[in-house]
Structure formats: structure tokens, C-alpha cells
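The structure appears below as C-alpha cells.
Numbers here are sequence positions counted from 1.
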Amino acid sequence: QVQLVESGGGLVPAGGSLRLSCSASGLPSSSYAMSWFRQAPGKEREFVAAVSWSTGSIFYADSVKGRVTISRDNAKNTVYLQMNSLKPEDTAVYFCAADRFAYFERPSPTSSRYKYWGQGTQVTVSS
């Protein structure tokens with residue numbers, strides 16, 4: 001049984017930083033990707049960042065590039081999302097997602113491609 005558990009959300013002032021964590025267990029193979037998505041009220045879920053567990057390749061949405069860093073700890077099966085220079089428009093529920101990807105397959109930015117999801121963690125950035 002696959003479980004993804006996020007933590008690290010909270011309330012921060014604009015310009016502040018947060019680090020989100022997503023701990024995974026039960027993933028069926030070593031060829032997978034873990035990604036972060038976010039969903040603001042009334043908006044669709046959008047891609048933030050992804051890391052391929054096979055190759056270590058990293059991908060970012062243009063909207064967060066330069067402010068966000070995704071990283072992983074292989075030994076802990078954990079992915080992190082370091083967010084700096086936060087803006088009020090970053091306010092959303094942040095979700096961790098995972099699914100199997102072929103070795104050189106680029107992680108998808110489409111939420112429907114992912115089978116496994118965490119429960120989400122709220123990030124609120126005050127102006």
C-alpha cells in the first residue's frame with residue numbers, strides 16, 4: 001500500500017520561506033517520479049516541481065523557477081520542496097504525488113498522470 005505523507009505547511013509573511021516534506025512508503029518500484037502540485041481555492045491543481053527517482057532529473061514550473069528547490073533523500077524515500085521569497089499568490093494546498101515512470105521518461109506536469117497522492121498541506125502567505 002502506497003502512502004505519501006506531507007508536512008511543513010503553515011502561515012508565513014510574504015518574502016518568507018517554507019520547506020515542505022513528503023515521505024513515501026510502499027512505492028512499487030525504483031523507477032518512479034515524485035512531484036509537487038498545488039491547488040488554490042477555485043483554481044485547478046497545478047504542477048510545481050518534479051524529480052525523477054531514477055535519474056535525479058529535476059523540473060520546475062515557470063511560475064516558481066528560481067524561488068523553489070526540489071530535492072530528495074533516497075535513504076528516507078523523502079522529497080522536499082524548499083520555497084523562498086514566497087508571495088501571496090503561492091497560497092494553496094500543496095500535494096505530493098508519485099507514480100511509475102520509465103527510466104528516461106520525463107515526469108509529467110499533468111496531475112491525472114499520477115496515481116498516488118498525499119493528503120495535502122496548507123501553505124498560506126500573508127501580504
Query - Pairwise salt bridge (Lys or Arg N to Asp or Glu O under 4.0 Å) hits with a residue in residues 66-82, at least two apart - result: Arg67-Asp90
Query raised in the report: For the atom pair CZ (Arg38) and CD (Glu44), what is the distance rounded to the nearest 0.5 Å?
Result: 14.0 Å
Query raised in the report: Are side-chain heavy atoms of Val79 and Glu6 found at a separation under 4.5 Å?
Result: no
Query raised in the report: Okay, side chain of Tyr60, backbone of Ile70: is any donor-acceptor separation there less than 3.5 Å?
Result: yes
Requested in this report: Say whether Tyr80 and Arg19, considering side chains only, have a donor N or O and an acceptor N or O under 3.5 Å apart.
Outcome: no
Report summary line: Of all heavy-atom pairs linking Asn84 and Ser17, the shortest is OD1-OG, 2.9 Å
Query raised in the report: Between Cys22 and Leu4, which heavy-atom pair has the shortest distance, and what is it?
Result: SG-CB, 4.0 Å
Report task. Please tell me if the side chains of Gln82 and Ser71 come closer than 4.5 Å, counting only heavy atoms from C-beta onward. Result -> no
Query - Evaluation steps, side chain to side chain contact (heavy atoms under 4.5 Å, CB included), between Trp117 and Ser111 - result: CA-CA 10 Å; Trp117 290 86; Ser111 60; 3.8 Å; yes
Query raised in the report: What are the two closest non-hydrogen atoms of Ser35 and Pro107, and how far apart are they?
Result: OG-CB, 4.4 Å
Query raised in the report: Do Trp36 and Val68 come close enough that some side-chain heavy atom pair is under 4.5 Å?
Result: no
Requested in this report: Under the side-chain hydrogen bond (donor to acceptor under 3.5 Å, both in side chains) rule, collect the residues that match up with Thr91, sequence neighbours excluded.
Outcome: none
Report task. Report yes if the side chains of Asn77 and Trp53 come closer than 4.5 Å at any heavy-atom pair, otherwise no. Result -> yes
Report task. List the atom of Ala92, the atom of Gln122, and the distance in Å for their closest heavy-atom pair. Result -> O-NE2, 3.4 Å
Query raised in the report: Among the clusters formed by ILVMFWY side chains lying less than 4.5 Å apart, do Phe59 and Tyr32 turn up in the same one?
Result: no
Query raised in the report: Hey, do the aromatic rings of Phe95 and Phe37 have their centres closer than 6.0 Å?
Result: no
Query - Within-4.5 Å side-chain heavy-atom neighbours: Leu11 and Ser126 - result: yes
Query raised in the report: Which pair of non-hydrogen atoms, one from Ala49 and one from Leu81, has the smallest distance, and what is that distance?
Result: CB-CD1, 4.1 Å
Query raised in the report: For the side chain of Thr121 and the backbone of Gly9, is there at least one donor-acceptor N/O pair under 3.5 Å apart?
Result: yes
**Report entry** Verify same cluster id: Val5, Val51 (apolar side-chain graph, 4.5 Å)
**Finding:** no
Query raised in the report: Do the side chains of Met83 and Leu20 get nearer than 4.5 Å, heavy atoms only?
Result: yes
Query raised in the report: Any luck finding a side-chain donor-acceptor pair between Ser112 and Thr110 under 3.5 Å?
Result: no
Query raised in the report: Can you check whether Cys96 reaches Met34 side chain to side chain, under 4.5 Å on heavy atoms?
Result: yes
Report task. Go through the steps to decide whether Tyr114 and Phe101 satisfy the test ring-ring contact (aromatic ring centres under 6.0 Å, His included), and finish with yes or no. Result -> CA-CA 10 Å; Tyr114 293 81; Phe101 285 79; 5.5 Å; yes
Query raised in the report: Among pairs that include at least one residue of residues 101-111, which meet salt bridge (Lys or Arg N to Asp or Glu O under 4.0 Å), considering only residues two or more places apart or in two chains?
Result: Glu105-Arg113
**Report entry** Between CD1 on residue Ile58 and OG1 on residue Thr69, distance to nearest 0.5 Å
**Finding:** 8.0 Å
